Amino acid sequence: MYTELNSILNTSPDSFTQGEFVLLSDRKSDASFLIHHFLSLYLRARCKVWFLGLVQSFNHYSAISQRLGVSLVQAKEKGQLVFLEGLNESLSVLIPQETDTRSQAMGFLSDPAVGLKSLYEFVRSSVTSSGGGEEEADGAEEWGPPVLLVDDISVLLSLGVSVGAVLDFSHYCRATVCSQLQGNVVMLVRCDGEEEEDDGDDEGSERLLKGLTHQCSLTLHVQGLPTGFCRDIHGQVEVCWRRRQGDWQYTQKKLFQYKVHDKGASFFAPGTSSAVL
């Protein structure tokens, strides 16, 4: 958990906005440090977290979280963290075993054209059966609002899933987690190529990014420095808040430069911001 980023977002484990859909994105850079930040933030906030890890193993996330002072192993053992390891689940679908007792969350791999209904059903049934603030069966723990983290959702495009199916999945997850249960959703999407590039590809990451941006209330977009490599600064993050005021949508943007360390990140504000209605 990066304290400087919490200050920028005006959030903390003791005080954070509920019912929020947070979109993380990157272009020619790596925004994965933000996934680790939000994971540690919500675990420290005693939320119950469902993590769809589609690109890395549990051990990968666990090792990084350990450096941030959070134990994913303990969180799993306590029932606070439910981790879907996409790599293992994918193998069990593609190379089924007779004794396999896997969930059907990644069942779309056998037929991507059917969409992500099986993955959404996994999320819906898991989250609604263990709603935020519900005391566990043994009475030992009580968790806060539910949180769904996805790293990264754009990988589904390379598995043959259409952009429309991914946007439907995110829409229903937002309706269930954010609207119905007043929890939060955090998704990471990666973009290839140059910004505003229009190559006529309706099924690319650019279309996915635009569609998800319309759904979310907060975006953090990570990109490299326009001036190129710098040893003391790793890149910049554009933070965009979207809030409604009556019939109007209020948008505020701020740009920060950052440097990631082993146990945190430093953020520097170059003094650029904008707000529009």
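Just so we're clear, the structure is a prediction, and the values are computed from it rather than from any experiment. Note that the numbering runs from 1 along the sequence shown for the chain.
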Contact summary for [X] and [Y], nearest pair of heavy atoms:
X	Y	answer
Ser40	Leu68	OG-CD1, 4.2 Å
Leu116	Val166	CD1-CA, 3.9 Å
Leu41	Ser12	CD1-C, 3.7 Å
Trp143	Cys47	CB-C, 4.4 Å
Gly224	Ser29	N-CB, 3.9 Å
Thr213	Leu209	OG1-O, 2.7 Å

Self-check item: Full working for side chain to side chain donor-acceptor pair (under 3.5 Å) between Asp152 and Ser154
Solution: CA-CA 6 Å; Asp152 77 82; Ser154 56; 2.2 Å; yes
Exercise. Give a yes or no on whether the backbone of Ala75 and the side-chain of Ser71 come within a donor-acceptor separation of less than 3.5 Å.
Key: no
Quiz prompt | Under 3.5 Å: donor-acceptor pair, side chain of Ser129, backbone of Ser126 | solution = yes
Quiz item: Hey, does Leu156 have a side-chain heavy atom less than 4.5 Å from the side chain of Leu54?
Solution: yes
Quiz prompt | Cys173 vs Thr176 side-chain heavy atoms within contact, under 4.5 Å | solution = no
Quiz item: Checking ring-ring contact (aromatic ring centres under 6.0 Å, His included) for the pair Phe51/Phe58: CA distance, chi angles, key distance, verdict?
Solution: CA-CA 10 Å; Phe51 194 141; Phe58 174 80; 9.0 Å; no
Quiz item: Does Glu206 come within less than 4.0 Å of Arg27, counting only side-chain N to carboxylate O?
Solution: yes
Quiz item: Can a salt bridge be assigned to the pair Lys117 and Asp168 using a cut-off of 4.0 Å between side-chain N and carboxylate O?
Solution: no
Quiz item: How are the rings of His36 and Tyr61 set to each other: parallel, tilted or perpendicular (split at 30° and 60°)?
Solution: tilted
